[in-house]
Amino acid sequence: MWCNECHRYKDNCLFLVPSPRYLCRMSKRVRVRFAPSPTGGLHLGGVRTVLYNYLFAKKHGGDFLVRIEDTDQSRYVPGAEEYIFDTLKWCGLEPDESVQHEGNYGPYRQSERKETYRKYAEQLVKDGFAYYAFDTTEELEKMRHDYKTEQNPSPQYDHTIRMKMRNSLTLPPDEVKTLLDAGTKHVIRIKVPEKETVSFIDMIRGKVSFDTSIVDDKVLLKGDGMPTYHLAVVVDDHLMQISHAFRGEEWLPSAPVHILLWKYLFGIENMPQWAHFPLILGPNGKLSKRDGAKYGFPVFAMNWTDPKTNELTEGFKEKGFLPEAFINLLALLGWNDGTEQEIFSKEELIEKFSMERIHSAGAKFDYEKAKWFNHEWIKKFEVSGLRFEVKSLLEKNDIPVSDISLLYKVIELVKDRCTLLPDFVQQSSFFFKTPEQWYVDAVKPKWNEEKKKFFELFIEEINALENWQSAVIEDAFKKMAALQNIKPGELQLPFRIMLVGGKFGPPVFNIAELLGKNETILRIQNALKVFG
RNA sequence: GGCCCGUUCGUCUAAGGGCUAGGACACCACCCUUUCACGGUGGUGAUACGGGUUCGAAUCCCGUACGGGCUACCA
């Protein structure tokens, strides 16, 4: 016995359980897909959709696949597809099946499946659920213009006007045949029923209903023979045995078209379970690829260069985010595990993720919080996990790193004060390169002969030190200060400037320890010449 | 305009009829530290509004307002 509401067999009926958000027991293998259109960089929302798909699949021991939805040839952007896979790789969210690793349901690029779709579209026409339409772009524009009123600013090609257009519903059959035989350019449109309520259970929102009287006759097969998203998504989700279909909330309004197609083509009971994720909002609404870096924070996962304009949009990766932090912050944008935990590894996310804990409201992206996540991850990271990144960053800034054991010690010492990876450059370059200039203004006003004498004596003192450790150096420093009758605090800043060049870095005696005795003395001597 | 979705501190969120509405980011103050951070302690700060239902509503229902999305031979 099938449920008329959720179209599921009795034990799986969504209405027999306490919450409409309940994930019904799955008899089928879990298979989910991310279906991007390769038209540019992948932004925050896209990566989060990938993430939620991935987590769901892994949690349920299922498959995560990526299907390239490139049915709009006019929007083809070279490099975009490769970029998507590079991004997934960086994020550690690699698909089980895709154009790069084909599974048993290929091809995974819709442009290569072109022939498949026509068959289904023709079937719909034959069954009376769709029709041929011959209207030209001009005729469509005219229709939109003629029927435009204040009440209805954007008229649709729907049941109220389809009988006034040029299509196989209005033209005599023989004329339709003649047009078709002559190879006249045409589209196939779905014939949406006039009065019907279609509904489905969204795993996040519960029951969502639509009245088909306001749904338009969407194009299914375009003039160039390619399917539109509406046809392709339904056909491919069926052919690829997708069990759960997740996408952004912007797709919710087209759900009735897809439901109808499932009903006409493969049976509503076979439709995957759907969930529409809340949108990630920027400062002015939905995040857009086109807005690039206008917000003052990245929107793309990685750097993206538009091949047409050569315009570079900076990504989270290049900004200095760790992939672990990036994923973590995305996961928490609209989901939480019900506890107060905020830092999760990918493995923990897989274990704890659940669709019913996804928030239904959109979330405004907060860059400050994003940085906090990264900071937490840098602090949490083992030095060995950071060393390649830091080394290459330093070398990019002309700071050669030859002593790897020093690098380890330096990273350990400074990582707590780095929020983004490039902060390591500021915090640690002076360990590898002697300062070329000093922030003299911070020292000069209070500089005097007594202080100069202190450092001259201090050089001698530490030169005799056998144990070169920060605590020993500090001890010597303070004893000498007491001997000279100067407050140690007044001497610490000059000392720091001597070793570092500026007012930053970890505790000064730790710096001296890592620098070594010779280098420390050398830097004091050099600086003394400048301080006068 | 129509349709759909949504609404708890500035931001992300917890609380699924029952305490002074909890946490995190950010902000402020203090402590630690005579660099800057980290860390610690404390503080400012929210249930959009109006009606119901109920002994009791942030929570359930209705309306209003506001926000967002969609309204292409784009996805």
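Here is the naming used below: chain letters follow the sequence lines, and residue numbers restart at 1 for every chain. None of these values were measured; they are calculated from a predicted model.
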Distance, [atom1] atom - from [M] to [N], rounded to whole angstrom:
N     : M     : atom1 : answer
B/C32 : B/A24 : C1'   : 23 Å
B/G63 : B/C5  : P     : 13 Å
B/G22 : B/G42 : P     : 14 Å
B/G50 : B/G18 : C1'   : 24 Å
B/A26 : B/U44 : C1'   : 12 Å
B/U64 : B/U11 : P     : 25 Å
B/U59 : B/G40 : P     : 35 Å
B/C19 : B/G56 : C1'   : 13 Å

Rounded interatomic separation in angstrom, taking [atom1] from [X] and [atom2] from [N]:
X      : N     : atom1 : atom2 : result
A/R247 : B/C5  : CZ    : C1'   : 14 Å
A/I358 : B/A14 : CD1   : C1'   : 17 Å
A/I280 : B/U11 : CD1   : P     : 16 Å
A/F344 : B/C12 : CZ    : C1'   : 13 Å
A/F210 : B/C4  : CZ    : P     : 8 Å
A/N328 : B/C12 : CG    : C1'   : 13 Å
A/H359 : B/A24 : NE2   : P     : 18 Å
A/L333 : B/C25 : CG    : P     : 16 Å

Taking only residues two or more places apart in sequence or in another chain, which ones pass side-chain contact (heavy atoms from CB on, under 4.5 Å) with A/V125?
A/A130, A/Y132, A/I188
Does A/R162 pair with A/D217 as a salt bridge, N-O distance under 4.0 Å?
yes
Do NZ/NE/NH1/NH2 and the carboxylate oxygens of A/R109 and A/E81 come within less than 4.0 Å?
yes
Let's go through A/R118 and A/E122 carefully: what are the C-alpha distance in whole Å and the side-chain angles of both, what is the deciding distance for salt bridge (Lys or Arg N to Asp or Glu O under 4.0 Å) to 0.1 Å, and is it a yes or a no?
CA-CA 6 Å; A/R118 168 134 231 141; A/E122 297 284 0; 3.0 Å; yes
Has A/K444 got its NZ or CZ under 6.0 Å from the middle of the six-membered ring of A/W447, at an angle within 45 degrees of the ring axis?
no
Between protein and nucleotides 26-41 of chain B, map the contacts as a letter string: B base, S sugar-phosphate only, - none, heavy atoms under 4.0 Å, written 5' to 3'.
--------BBBBSS--
Nucleotide-resolved protein contact map, nucleotides 64-75 of chain B, B/S/- at heavy-atom distance under 4.0 Å:
----SBSB-BBB
Going by atom types only, do A/D211 and A/T197 share a side-chain donor-acceptor pair under 3.5 Å?
no
Closest approach of A/S254 and A/H230, non-hydrogen atoms and distance?
CB-CE1, 3.7 Å
Using a cut-off of 4.0 Å on non-hydrogen atoms, how would the nucleic acid contact of A/V208 be classed: base, sugar-phosphate, or nothing?
sugar-phosphate
Sugar-phosphate only, base, or nothing, as touched by A/F365 at under 4.0 Å among non-hydrogen atoms
nothing
Distance-only donor-acceptor hits, side chain of residues 418-427 of chain A, under 3.5 Å, sequence neighbours excluded:
unit_1	atom_1	unit_2	atom_2	d
A/D423	OD2	A/T419	N	2.9
A/D423	OD2	A/L420	N	3.0

By nearest heavy atom, map A/E342 and A/L332 onto RNA chain B; which one lands nearer the 5' end?
A/L332
For [N], which nucleotide is its Watson-Crick or G-U wobble mate, given both distances must be under 3.5 Å?
N     : result
B/G1  : B/U71
B/U64 : B/A48
B/A29 : B/U41
B/U54 : none

Residue pairs meeting salt bridge (charged side-chain N to carboxylate O under 4.0 Å, His left out), one or both in residues 185-195 of chain A, sequence neighbours left out, come to none
Syn if the chi torsion is within 90° of 0, anti otherwise; quick check, which is B/C9?
anti
Closer than 4.0 Å, any side-chain N/O of A/N336 to the OP1 or OP2 of B/A14?
yes
Please tell me whether A/F455 and A/F531 form a close aromatic pair, meaning their ring centres lie under 6.0 Å apart.
no
My understanding is that only residues two or more places apart in sequence, or in another chain, count here; which of them pass side-chain hydrogen bond (donor to acceptor under 3.5 Å, both in side chains) with A/E139?
A/T136, A/R166
